[in-house]
Amino acid sequence: MSYLLNKEPTDDFTRKLDNLVNSIKHSKQFRKGYEDMGAVWYMDAKREGKLEGISIGRQQGISIGTQLEKISSAKKFLAMGLSIEQVAQGTGLPLAEVQKLAGEGEKHLSS
């Protein structure tokens, strides 16, 4: 325990341990291996982050595309004369959003 506290070897075992630690610390081969480990970890983390970003982007794209398709369908249904309630029920859009789309359609017709 005093070796850990004082950093000085106090017996044969801790002297051997101290020598081993110092030889490893000054080993170019060990240092290179340690640096390579860091580089591998960095590349793995970078690849994992990139894949996660792609996955998140894909999910967001699907979500946006689905919402745009619902809006497009709602506009078509409104143009066919379906009621606002029917369009909301059929597309899954909130009633307020369909009402807004219906109002926008009326503005374009009156222009």
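Atoms considered below: every heavy atom in the structure, side chains included; atoms not considered: hydrogens, waters and symmetry mates.
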Checklist entry - Would Gln89 and Gln86 count as a side chain to side chain contact (heavy atoms under 4.5 Å, CB included) if you check the C-alpha gap in whole Å, the side-chain angles of each, and the deciding distance to 0.1 Å? => result CA-CA 5 Å; Gln89 185 177 9; Gln86 289 172 318; 5.6 Å; no
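The shortest distance between side-chain heavy atoms of Glu104 and Lys100 falls below 4.5 Å.
Across all non-hydrogen atoms, the minimal contact from Leu78 to Val98 is CD1-O, 4.1 Å.
Between Thr14 atom OG1 and Leu20 atom CG the span is 12.5 Å, to the nearest 0.5 Å. Interatomic distance, Gln67 CD to Leu93 CG, rounded to the nearest 0.5 Å: 5.5 Å. Rounded to the nearest 0.5 Å, atoms NZ (Lys32) and CE (Met37) are 12.5 Å apart. Distance check, rounded to the nearest 0.5 Å: OH of Tyr42 to CZ of Arg47 gives 12.5 Å.
Ion pairing between Lys16 and Asp12 holds under the 4.0 Å rule for side-chain N and carboxylate O. Ion pairing between Asp18 and Arg15 fails under the 4.0 Å rule for side-chain N and carboxylate O.
Applying the side-chain hydrogen bond (donor to acceptor under 3.5 Å, both in side chains) definition to pairs two or more places apart or across chains, none involves residues 51-64.
Side-chain atoms of Ser27 never come within 3.5 Å of backbone atoms of Ser23 as a donor-acceptor pair (strictly under, hydrogens ignored).
Side-chain heavy atoms closer than 4.5 Å link hydrophobic residues (I, L, V, M, F, W, Y) into clusters, and following such links, possibly through other members, connects Met80 to Val87. A continuous path of ILVMFWY side-chain contacts below 4.5 Å connects Met43 to Trp41, so both sit in one hydrophobic cluster.
Looking at residues two or more places apart in sequence or on another chain, you find a side-chain contact (heavy atoms from CB on, under 4.5 Å) between Ser73 and Glu69, Phe77, Thr91.
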